[in-house]
Amino acid sequence: MNKQVRTRFAPSPTGMLHIGGARTALFNYLFAKANGGEYLIRIEDTDQTRSTDANKEIIKNGLTWLGLGPTDGKWVLQTESIERHKKAVEKLLLEGKAYECFTSKEELEAMREEQQAKKETIRYDGRHRDLSEAQKQAFRDEGRTAVIRIKVPTTGKTGWDDAVQGRIDVPNYTLDDYIIMRADGFPTYNFVVALDDHDMGITHVIRGDDHINNTPKQIFVYEAMGYDLPTFAHVPMIHGKNGKMSKRDGATNVLEYQLAGFMPEALNNYLMRLGWSLGDEEVISLERAIEKFDIGDVNKSASTFDQMKLEWFNAQYIKTTDAQTLFEALEPFFKEKNLNVTDEVKGYLLNGGIDSVKNKTKKLGDLADACAFFFNKPPFSFGEKEVNTLNTDGYRNNLNLFVNKLELETAPVNHDKVSEIIGALCEEHALKFKDFGMPLRVALTGTSSAPGVGDIVEIFGKDVSIANIKSCL
RNA sequence: GUCCCCAUCGUCUAGUCGGCCUAGGACGCUACCCUUUCACGGUGGAAACAGGGGUUCGAAUCCCCUUGGGGAUACCA
């Protein structure tokens with residue numbers, strides 16, 4: 001039987017969308033797409049006290065930004081299936097595969113301390129596994145409320161063939177009869193995950209390797225319910241320089257990368273290269289990755305987050321993205337920097353402006369800064385370096401020579417024409433190209449860090465160029 | 001404590017069932033070149049198989065141990 005491949009990403013709205021979660025989502029997406037399957041989203045909100053609607057929105061926005069929304073368009077909430085979960089608990093109870101446990105939290109705590117002291121495995125000891133009806137009633141009379149625990153084998157081992165980690169076996173004596181329904185009546189994570197993955201027809205469970213320890217517990221549910229096991233694939237986590245990925249290593253919240261000026265394509269590319277590679281290829285599009293991705297090729301070892309390389313990827317994408325697309329991505333950054341985009345400026349930016357500066361920046365915010373001079377109008381407010389440049393007598397003279405020539409031009413002036421004019425002036429006055437470069441750049445743009453003067457004149461046009469230069473004389 | 005996982009340049013990685021590896025690529029660092037600024041780009045360079053035992057004619061590649069990291073041990077997910 002060849003079932004259609006179906007993966008899922010199951011974030012918990014108890015926090016924001018973590019960078020590691022984004023990579024897990026990406027691998028799920030890639031694997032599903034690579035196999036012509038579906039990639040679903042299930043928001044695990046069973047912890048009613050810690051889940052928030054705000055976090056649900058943040059997760060949704062983050063995934064949407066990355067282009068990793070569900071292929072079926074449905075953002076499923078786990079709590080929507082709560083009645084089904086409760087029915088499953090009842091079924092296991094009825095079949096004797098689960099049981100009521102009245103042990104109080106204090107008793108549990110005491111039990112753990114004792115085990116700790118004896119250097120034993122810390123686990124629930126199964127003390128209420130085989131309570132008689134009379135005993136149960138006695139506890140109820142005491143006012144105790146039961147939790148439901150699932151019966152787990154105490155000998156032997158439980159294992160599976162992990163698609164990335166290989167064979168994993170865990171001795172059953174280290175596991176315990178864990179709680180599948182809390183005293184408040186809400187089923188717990190390890191129980192409902194297995195139920196939902198089965199119900200949603202998930203064929204491949206791809207998740208972080210912090211879930212390896214949960215997998216046997218979930219396998220018990222599949223077995224108790226009589227379901228077939230999916231394929232499990234545990235991808236390594238992302239670490240920081242010193243252990244856990246933390247703020248020191250870069251933002252952990254995906255949306256911060258958007259705000260910081262990263263392009264989703266760059267973040268996806270960087271994330272997929274963490275633990276997966278395609279020969280010597282570095283810049284890999286989603287399409288290309290879908291063509292080549294296999295979960296079995298993912299590395300088993302954890303990787304360290306490196307912001308420098310992310311920035312390099314971002315620079316690659318900025319360099320190869322067209323001006324129109326970049327302009328749209330840039331708009332929020334212009335707004336943030338109080339740069340008002342007039343039709344005139346937009347014209348500059350789209351007709352050569354963005355292209356003239358895009359290869360010098362790594363982030364969209366930097367790119368917006370690099371574009372800032374297109375918003376400048378004379379009289380310019382200069383920095384020290386610019387003032388010094390313009391106060392040089394020779395330079396001022398060169399400015400005059402150039403602007404006089406430029407005024408004589410009748411046709412539109414382009415890059416080559418500017419080179420021609422400067423070339424002729426150099427010959428005539430025994431000067432060098434650089435005697436014109438810096439002063440002209442400053443006079444045209446108000447700043448010393450700008451593209452070549454030929455490009456600037458072409459973008460601004462003859463009239464604006466002349467006006468700008470004259471404002472500095 | 002107990003259980004599980006991992007281990008190639010500073011970082012991300014290549015290294016198909018052991019020989020083609022005096023270990024390749026990328027980021028970062030660095031030298032030089034290009035150049036009207038800042039960049040981009042180009043050509044080089046320094047930089048790694050954690051340690052110890054095996055197995056083998058031969059190991060980065062297989063086995064064991066040590067060490068070092070990470071994760072889990074909740075009425076969180």
Taking atom [atom1] in both [N] and [M], compute the distance separating them and give it to the nearest angstrom.
{"N": "B/rA50", "M": "B/rC33", "atom1": "P", "value": "39 Å"}
{"N": "B/rG19", "M": "B/rC40", "atom1": "C1'", "value": "43 Å"}
{"N": "B/rC64", "M": "B/rU2", "atom1": "C1'", "value": "22 Å"}
{"N": "B/rA60", "M": "B/rG54", "atom1": "P", "value": "15 Å"}
{"N": "B/rC9", "M": "B/rG15", "atom1": "P", "value": "16 Å"}
{"N": "B/rU35", "M": "B/rC20", "atom1": "P", "value": "43 Å"}

Starting at [atom1] of [X] and ending at [atom2] of [N], how long is that distance when rounded to a whole Å?
{"X": "A/Leu175", "N": "B/rC3", "atom1": "CG", "atom2": "C1'", "answer": "9 Å"}
{"X": "A/Glu282", "N": "B/rU11", "atom1": "CD", "atom2": "C1'", "answer": "12 Å"}
{"X": "A/Phe305", "N": "B/rG10", "atom1": "CZ", "atom2": "P", "answer": "20 Å"}

For a quick test of reading the model, state the closest non-hydrogen atom pair linking A/Thr46 to A/Thr79 and the distance between them.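 Residues A/Thr46 and A/Thr79, closest heavy atoms: CA-CG2, 4.0 Å.
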In terms of heavy-atom contacts, A/Phe27 and A/Leu271 come closest through CZ-O, 4.3 Å
Looking at every strand, decide which applies to [X] at a 4.0 Å heavy-atom threshold: base, sugar-phosphate, or nothing.
{"X": "A/Lys358", "value": "nothing"}
{"X": "A/Lys385", "value": "sugar-phosphate"}
{"X": "A/His234", "value": "nothing"}
{"X": "A/Ala370", "value": "nothing"}
{"X": "A/Gly275", "value": "sugar-phosphate"}
{"X": "A/Thr103", "value": "base"}
{"X": "A/Thr14", "value": "nothing"}
{"X": "A/Thr46", "value": "sugar-phosphate"}
{"X": "A/Pro171", "value": "sugar-phosphate"}
{"X": "A/Thr174", "value": "sugar-phosphate"}
{"X": "A/Phe433", "value": "base"}

Close residues, residues 108-126 of chain A, relative to RNA chain B [heavy-atom separation under 4.0 Å]: A/Leu108, A/Arg112, A/Lys119, A/Glu120, A/Thr121, A/Ile122
Let's go through A/Met225 and A/Phe220 carefully: what are the C-alpha distance in whole Å and the side-chain angles of both, what is the deciding distance for side-chain contact (heavy atoms from CB on, under 4.5 Å) to 0.1 Å, and is it a yes or a no? CA-CA 8 Å; A/Met225 296 296 292; A/Phe220 293 139; over 6 Å; no
Whichever of A/Lys300 and A/Tyr270 has the more 5' nearest nucleotide on RNA chain B, that residue is A/Lys300
If you pin A/Ala302 and A/Met237 to their nearest nucleotides in RNA chain B, which one's is more 5'? A/Ala302
Does [X] make a side-chain donor-acceptor contact with the base of [N], cut-off 3.5 Å?
{"X": "A/Lys309", "N": "B/rA26", "answer": "yes"}
{"X": "A/Asn214", "N": "B/rA77", "answer": "yes"}
{"X": "A/Asn213", "N": "B/rG71", "answer": "yes"}

Could you tell me how the ring of A/Phe460 sits relative to the ring of A/Tyr348: parallel (under 30°), tilted (30 to 60°) or perpendicular (over 60°)?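 The rings of A/Phe460 and A/Tyr348 stand perpendicular, inter-plane angle above 60°.
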Under 3.5 Å, is there a donor on one side chain and an acceptor on the other for [X] and [Y]?
{"X": "A/His234", "Y": "A/Thr215", "result": "yes"}
{"X": "A/Thr52", "Y": "A/Asn55", "result": "yes"}
{"X": "A/Thr14", "Y": "A/Ser12", "result": "yes"}
{"X": "A/Asn269", "Y": "A/Tyr317", "result": "yes"}
{"X": "A/Asn314", "Y": "A/Trp312", "result": "no"}

Quick one: which of [options] gets closest to the side chain of [X]?
{"X": "A/Asn299", "options": "B/rA39, B/rA14, B/rC4", "result": "B/rA14"}
{"X": "A/Asp280", "options": "B/rU37, B/rG25, B/rC75", "result": "B/rG25"}
{"X": "A/Met308", "options": "B/rU36, B/rG28, B/rG25", "result": "B/rG28"}
{"X": "A/Thr304", "options": "B/rC75, B/rU37, B/rC12", "result": "B/rC12"}
{"X": "A/Ser449", "options": "B/rU37, B/rC5, B/rG71", "result": "B/rU37"}
{"X": "A/Asp306", "options": "B/rC4, B/rA77, B/rC27", "result": "B/rC27"}

Working to the nearest 0.5 angstrom, can you tell me the gap between A/Arg207 CZ and A/Phe9 CZ? 12.5 Å
Suppose we define a pair by two distances each less than 3.5 Å, Watson-Crick or G-U wobble; what does [N] pair with here?
{"N": "B/rA26", "result": "B/rU11"}
{"N": "B/rC20", "result": "none"}
{"N": "B/rG68", "result": "B/rC6"}
{"N": "B/rG1", "result": "B/rU73"}
{"N": "B/rA31", "result": "B/rU43"}

Nucleotides 41-46 of chain B: which of its N/O atoms have a protein N/O under 3.5 Å away?
{"unit_1": "B/rG41", "atom_1": "OP1", "unit_2": "A/Lys319", "atom_2": "NZ", "d": "2.9"}

Keeping A/Asn253 on the side-chain end and A/His18 on the backbone end, is there a donor-acceptor pair under 3.5 Å? no
Tell me if a side-chain donor or acceptor on A/His128 pairs with a main-chain N or O of A/Phe102 at a distance below 3.5 Å.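 Checking the backbone N and O of A/Phe102 against the side chain of A/His128, a donor-acceptor pair under 3.5 Å is found.
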Syn or anti conformation of B/rC5, syn meaning chi within 90° of 0: anti
Distance to the ring centre below 6.0 angstrom and angle to the axis at most 45 degrees; does that hold for A/Arg149 and A/Tyr124?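 A/Arg149 over A/Tyr124 ring: yes.
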